[in-house]
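Each remark here refers to the structure printed beneath this line.
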Amino acid sequence: MAPTVERKQIDITPLKKANVPIIFIVGGPGSGKGTQCERIVKKYGLSHLSSGDLLRDEVKSGSARGGQLTKIMEAGELVPLEVVLDLIKEAMLKEVAKGSKGFLIDGYPREVKQGDQFEAEIMPSRLVLYFEVAEETLVKRCLKRAETSGRVDDNAETIKKRLKTFMQSTTPVVDHYAKKGKLVKIDAEGGVDEIFGVVQQHLDKIFK
Ligand SMILES: Nc1ncnc2c1ncn2[C@@H]1O[C@H](COP(=O)(O)OP(=O)(O)OP(=O)(O)O)[C@@H](O)[C@H]1O
Ligand SMILES: Nc1nc2c(ncn2[C@@H]2O[C@H](COP(=O)(O)O)[C@@H](O)[C@H]2O)c(=O)[nH]1
Ligand SMILES: [Mg+2]
C-alpha cells in the first residue's frame, strides 16, 4: 500500500500563462530517454525534467519523504503519482520563471491516470515520444550503465522489477496516447545519432 501523501497547494497560473509546448518522453528503463533529452536540449533549448532525477534529488535532500521514496524506487515500483506531479509542477514553475520555451517531461507518465491527472491539472501535452527498445537491449544498457551510474536501481534484480513495472503499468500509456493521435513511436535500438535524426524530424515541426 503506497504511503499517503499530502498534496501541496501549488499555484500554476504562470505555467498556464506561458502556454509552452509539453512533450512527454516515454520508454523502458535504459531506452535512452535521458540521452536523447540531452541532445534535444542542446538543439532546441527546451527545459528537461526527468521525474526519476527529481525523485533522486528528493531522496538526496534527506527529507522524510525522500526516505519513503528510496524504498519504493529500490523495489522498482512506482512512487505515489501525487508526489511526482507536485515535484514536476514546482520544477516547471522554476523553469517558466526563467523563460522556458517548452518542456521535455522525461520518464513520464508511467501510468495512464498519471498522464490524465497531469493534463487535467496543468495542460495537455503536445506530443508523446515513445522510445521502443527490446527488453534484452534495455537490460544490457542498464547493466553497462550500472558500472558508472551509482544508481540504487541499476542492478540486475531491480532492473527486472522495473521492466515488469514498465510492461504492466506504462505500456498502456503508449496505447492511450496513440488513440489520442499524439504518439510518435521511435525505434531506439540503433545508435544515438541515428535515433536523434528521427527525433528531429518530429520536433522540427513544433519548434521552428
Ligand atoms: N542508442 C543507444 N545505444 C546504446 N546505448 C545507449 C543508447 N542510448 C542510451 N544508451 C546508453 O544506455 C544507458 C541508458 O540510457 P539513458 O540513461 O539515456 O536511458 P533512460 O531511458 O533515461 O533510462 P532510465 O529510465 O533508467 O533513467 C546509458 O548508459 C546510455 O549511455
Ligand atoms: N510513479 C512514478 N514513479 C516514477 C516516475 N518517474 C520515476 N519514478 C520512479 O523513479 C524510478 C527511476 O526512474 P527513471 O526514469 O530514472 O528510471 C522509477 O523506477 C520509479 O520508481 C513517475 O513519473 N511516476
Ligand atoms: Mg533516465
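Keep in mind that this is a model prediction, so the values were computed, not measured. Every number for a ligand or one of its atoms is a count from 1 in the order of the listing.
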For ligand 1, the portion of Ile195 having any non-hydrogen atom under 4.0 Å away: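 Near ligand 1, Ile195 shows its side chain, while the N, CA, C and O stay back.
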Within-shell test, Ser149 vs ligand 1, heavy atom, strictly < 4.0 Å: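 Checking ligand 1 against Ser149, which is what was asked, there is no heavy-atom contact under 4.0 Å.
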May I ask you to decide whether [X] forms a salt bridge with [Y], counting only side-chain N to carboxylate O separations under 4.0 Å?
X      : Y      : answer
Lys140 : Glu136 : no
Glu121 : Lys89  : yes
Asp116 : Lys113 : no
Asp193 : Arg39  : yes
Lys160 : Glu157 : no
Arg151 : Glu74  : no

Report yes if some N/O of [X] lies less than 3.5 Å from some N/O of ligand 1; otherwise report no.
X      : result
Gly30  : yes
Ala188 : no
Ser31  : yes

ILVMFWY cluster, Phe207 and Val184 together (side-chain gap under 4.5 Å):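 Phe207 clusters together with Val184.
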Cluster link Leu129 to Val192, ILVMFWY, side chain under 4.5 Å: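 They do not share one cluster, since no chain of ILVMFWY contacts under 4.5 Å joins Leu129 to Val192.
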Considering heavy atoms of the protein only, find what lies nearest to [atom] and give residue, atom and distance to 0.1 Å.
atom                    : result
atom 30 (C) of ligand 1 : Thr35 OG1, 3.7 Å
atom 19 (O) of ligand 1 : Gly32 N, 3.2 Å
atom 1 (N) of ligand 1  : Gly190 O, 2.8 Å
atom 28 (C) of ligand 1 : Arg145 CD, 4.0 Å
atom 14 (P) of ligand 2 : Arg110 NH2, 3.4 Å
atom 9 (C) of ligand 2  : Leu55 CD1, 3.5 Å
atom 19 (O) of ligand 2 : Arg162 NE, 3.8 Å
atom 24 (N) of ligand 2 : Gln114 NE2, 2.9 Å

Considering [options] one by one, which has a heavy atom nearer to [atom] than any of the others?
atom                    : options                      : answer
atom 23 (O) of ligand 2 : Tyr108, Phe118, Phe166       : Tyr108
atom 2 (C) of ligand 2  : Leu87, Val84, Thr165, Ile105 : Val84
atom 1 (N) of ligand 2  : Asp153, Leu54, Val79         : Val79
atom 13 (C) of ligand 1 : Lys33, Arg151, Arg141, Glu38 : Arg141

Taking only heavy atoms of [X], which atoms of ligand 1 are found under 4.0 Å from at least one of them?
X      : result
Arg162 : 24 (P), 25 (O), 26 (O)
Gly28  : 21 (O)
Gly191 : 1 (N)
Pro29  : 25 (O), 26 (O)
Gly34  : 18 (O), 20 (P), 22 (O)

Nitrogen or oxygen of Glu111 less than 3.5 angstrom from that of ligand 2: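 Between Glu111 and ligand 2, no N or O pair is found under 3.5 Å apart.
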Ligand 2 to Ser51 polar contact by distance, N or O atoms, under 3.5 Å: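 Checking ligand 2 against Ser51, an N or O pair does fall under 3.5 Å apart.
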Check: Phe24 ring centre within less than 6.0 Å of Phe118 ring centre: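 Yes, the ring of Phe24 comes within the 6.0 Å limit of the ring of Phe118, centre to centre.
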Close-contact set for ligand 2 against Gly107 heavy atoms, below 4.0 Å: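 Near Gly107, the atoms of ligand 2 are 6 (N), 23 (O).
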Numbered atoms of ligand 2 (with element) below 4.0 Å of Arg56, judged on heavy atoms: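 Answer for ligand 2: 12 (C), 16 (O).
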Nearest non-hydrogen partners of Leu49 and Ala91, listed with the distance: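 Residues Leu49 and Ala91, closest heavy atoms: CD2-CB, 3.8 Å.
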Per-residue contact class, Glu77 against ligand 2 - non-hydrogen pairs under 4.0 Å: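 For Glu77, the contact with ligand 2 is made by the backbone alone.
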Residues Ser100 and Glu95: side-chain donor-acceptor under 3.5 angstrom: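 On atom types as modelled, these side chains do not qualify, holding no pair under 3.5 Å.
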Any donor-acceptor N or O pair under 3.5 Å, side chains Ser63, Glu58: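 Ser63 vs Glu58: donor-acceptor pair found between side chains.
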Given Ile159, Asn155, Asp153, the one that forms side-chain contact (heavy atoms from CB on, under 4.5 Å) with Cys142: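 Answer to the side-chain contact (heavy atoms from CB on, under 4.5 Å) test with Cys142 among Ile159, Asn155, Asp153: Ile159.
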Given Asp11, Leu15, Ile88, Thr13, the one that forms side-chain contact (heavy atoms from CB on, under 4.5 Å) with Leu93: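 When Asp11, Leu15, Ile88, Thr13 are each tested with Leu93, the side-chain contact (heavy atoms from CB on, under 4.5 Å) holds only for Leu15.
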Met92 side chain reached by Val96 side chain, heavy atoms, under 4.5 Å: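 They are not in side-chain contact.
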Listed partners of Thr137 passing side-chain contact (heavy atoms from CB on, under 4.5 Å), at least two apart: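 Listed in chain order: Val133, Ala134, Arg141, Glu189.
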